[in-house]
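What follows is a short report on a single structure.
Quick note: numbers below take in every heavy atom, side chains included, and nothing from hydrogens, waters or symmetry partners. Counting begins at 1 with the first residue of the sequence. Counting starts at 1 for both ligands and their atoms, in listed order.
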Amino acid sequence: MFARCFCSVHWRTLPFGRRRVYFHSTAKEPRLVLGIETSCDDTGAAILDENGKILGEALHSQKDVHLKTGGIIPVVAQKLHADHIDSVVNEALSASGLTPQALSAVATTVMPGLALSLGVGLSYSLKMVKQYSKPFIPIHHMEAHALTVRLLHQVEFPFLVLLVSGGHCILAVAKNVADFLVLGQSLDEAPGESLDKVARRLSLINNPDCSAMSGGQAIEHMAQFGNKELCNFRIPMSHHRDCNFSFSGLRNHINYVIQQKESEEGIQQGQILSCAADIAAASQHTVARQLAKRTQRAILFCKEKGLLPAANATLVVSGGVASNGYIRRILKNVSYSMDVSLLCPPPKLCTDNGVMIAWNGIERLRAGVGILYNAEEVRYEPRAPLGTDISDIVRKADIKVPTLKEKLFLDIA
Ligand code: KG4
Ligand code: ZN
């Protein structure tokens, strides 16, 4: 049903900076959407046609800058978005061979995210839709992560979705394009944020292999060489029979262990512990186990309440942390053991990009929801729920989850 175009021949890294562009020579399709993403630290733009064909894409990542400063400084992110948005949009447009006049609509992330970053994308987009008299489609960033999978696979609603990123951790039932039931979410920080902080605390940036990686990527890389059994971190909130998550207590415990090991090894901050790989492996494993446990409960809840199809139910995992191969493999084993299929977008579409925003615009255009012909009143919203919160109902269902069998982890050790 959906055309695909992720052929590697269209993928190219330009000589300047970290800008990536898809080139495509396909003829114009009837409806075309420009998607713009600036909610955090990636400036992304893409033009997709109604069938999901990517006509042009460009991305400018601020990762290198934020790695050096030890985290995202909002005003720095804002300036970098402002410096790059015009060239990113123009690159995507010129790769598609289209002019703005040919667009059917502009779709832009307006929630949730960093206020200053969202503001750059929104004001740029509002100028553009005014100048070219185009409809505007405001996009919820997490809805876009949830729907990306439908660009690549024929996944019908409803499906279960686990969204794991640097800012969020949400388990939800996607009932329709703009209709989500939130079963649970993080009560404190997101898994990507925790892994970023652990990577920073372990000074992984000083390991040449990891110096250009995000914190989560660096943890995954190091974990390959570590033994997760050498550190024992408890799974947070394992006695709470709900689908909420917590990562900050785990991160504090990991930091405490790092501090202990540093004094045992007599090393200075900035040096890398001899057991850094073991800590990375144990951290990744504990995050994965928490995700798995909550996902198991969500599947059982959905089965009990008839929220998913009785046969061929699907679990979608998306967001930056879903790039993690270890987490994917654990969730694959869990979903397989519960008779549910797992689908994840490829890593480059799990982390933030313009394609997912344009695709969300296409989804909304096709469904006829949220298309604005006068966008002057649109404001960005740094905090915004994804859908209807039914986490209380999940908690009251009081579902006991069977202990994850160690054999589920054997082939991924
Ligand atoms: O979705 P995303 O690009 O931005 C947000 O919406 O937050 O997610 C970024 C997060 C970062 O915290 C990054 O460390 C994490 O995704 N991440 C990973 C991996 N690649 C990116 N976490 C674990 N393993 C990875 N391979
Ligand atoms: Zn994201």
Side-chain angles (χ1 to χ4, degrees), residues 18 35-44 59-64 66-67 70-72 74 77 81 108-114 117-118 121 139-149 161-170 185-186 189-202 204-205 209-224 247-248 251 280-281 283-288 290-291 316-331 344-357 359-360 382-384 386 412:
R18 307 180 49 71
I36 298 179
E37 159 62 30
T38 65
S39 69
C40 189
D41 59 347
D42 290 298
T43 316
L59 185 70
H60 175 267
S61 168
Q62 305 175 0
K63 191 174 66 191
D64 294 352
H66 301 310
L67 276 173
I72 299 175
H81 282 305
T108 302
T109 308
V110 302
M111 66 183 100
L114 298 174
S117 295
L118 289 167
I139 298 293
H140 190 295
H141 183 81
M142 301 315 289
E143 180 182 304
H145 273 308
L147 299 182
T148 309
V149 71
V161 61
L162 171 66
L163 299 171
V164 275
S165 70
H168 295 87
C169 191
I170 302 173
Q185 57 194 311
S186 178
E189 61 193 37
E193 185 183 350
S194 299
L195 294 175
D196 288 344
K197 287 177 175 167
V198 169
R200 220 176 293 144
R201 186 64 188 77
L202 284 169
L204 297 185
I205 195 171
D209 291 344
C210 302
S211 59
M213 293 179 180
S214 67
Q217 279 177 308
I219 293 287
E220 180 173 21
H221 175 78
M222 292 297 288
Q224 302 171 81
F247 296 95
S248 63
R251 176 174 55 78
S283 305
Q284 177 180 257
H285 180 68
T286 313
V287 166
Q290 183 180 181
L291 297 176
V316 169
V317 186
S318 190
V321 178
S323 320
N324 185 291
Y326 185 85
I327 290 173
R328 282 180 186 230
R329 290 197 295 279
I330 286 194
L331 291 168
C344 308
K348 67 175 181 278
L349 289 179
C350 281
T351 46
D352 293 350
N353 61 83
V355 172
M356 69 186 206
I357 307 304
W359 174 247
N360 199 160
R383 300 170 75 84
L386 175 64
I412 53 174

Taking every non-hydrogen atom, the tightest pair across Gly216 and Leu195: CA-CB, 4.1 Å
Sub-3.5 Å donor-acceptor pair from the side chain of Gln224 to the main-chain atoms of His221, do we have one? yes
At under 4.0 Å between heavy atoms, which part of Glu220 makes contact with ligand 1: side chain, backbone, both or neither? side chain
Can a donor-acceptor pair be found, under 3.5 Å and without considering hydrogens, that links the side chain of Thr38 to the backbone of Gly121? yes
Nearest protein heavy atom with distance in Å, relative to atom 8 (O) of ligand 1: Gly320 CA, 3.3 Å
Is there a heavy atom of Cys40 sitting under 4.0 angstrom from any atom of ligand 1? no
Taking atom types as modelled, is there a side-chain donor on Thr43 or His81 under 3.5 Å from an acceptor on the other? yes
Which is closest to atom 5 (C) of ligand 1 by heavy-atom distance: Leu163, Asp42, Asp352? Asp352
Is the closest heavy-atom distance from Met213 to ligand 1 below 4.0 Å? no
Looking at Gly215, is its backbone amide N or carbonyl O close enough to the side chain of Asp196 to form a donor-acceptor pair, meaning the two atoms are under 3.5 Å apart? yes
Give me the nearest non-hydrogen protein atom to atom 22 (N) of ligand 1 as residue plus atom name, then the distance to 0.1 Å. Gly216 CA, 3.3 Å
Is there at least one pair of N or O atoms, one from His145 and one from ligand 1, spaced under 3.5 Å apart? yes
Counting from 1 in the order shown, the ligand 1 atoms closer than 4.0 Å to a non-hydrogen atom of Asp196 are 11 (C), 12 (O), 13 (C), 14 (O)
Should the proximity of Asn324 to ligand 1, defined as any heavy atom under 4.0 Å, be assigned to the side chain, the backbone, both, or neither? both
Side chain, backbone, both or neither: which part of Gln284 has a heavy atom under 4.0 Å from ligand 1? neither
Taking 4.0 angstrom as the limit and counting only heavy atoms of Thr351, give me the atoms of ligand 1 inside it, by number and element. 3 (O)
Can you confirm, on distance only, whether ligand 1 has an N/O atom lying under 3.5 Å from any N/O atom belonging to Gly167? yes
What distance separates Thr108 OG1 from His141 NE2, expressed to the nearest 0.5 Å? 13.5 Å
Here the atoms of ligand 1 under 4.0 Å from any heavy atom belonging to Gly192 are 12 (O)
Please could you name the atoms of ligand 1 that Gly166 approaches to less than 4.0 Å, counting only its heavy atoms? 5 (C), 7 (O), 8 (O), 9 (C), 10 (C), 12 (O)
Proximity flag His141 to ligand 1, non-hydrogen atoms under 4.0 Å: yes
Do any N/O atoms on Gly319 end up under 3.5 angstrom from N/O atoms on ligand 1? no
Strictly below 4.0 Å, N to O, side chains only: are Arg251 and Glu193 in salt-bridge contact? no
I need the protein N, O or S atoms closer than 2.8 Å to the Zn ion (ligand 2), given as residue plus atom name. His141 NE2, His145 NE2, Asp352 OD1
With sequence neighbours left out, what residues match Pro382 under side chain to side chain contact (heavy atoms under 4.5 Å, CB included)? Ala115, Tyr380
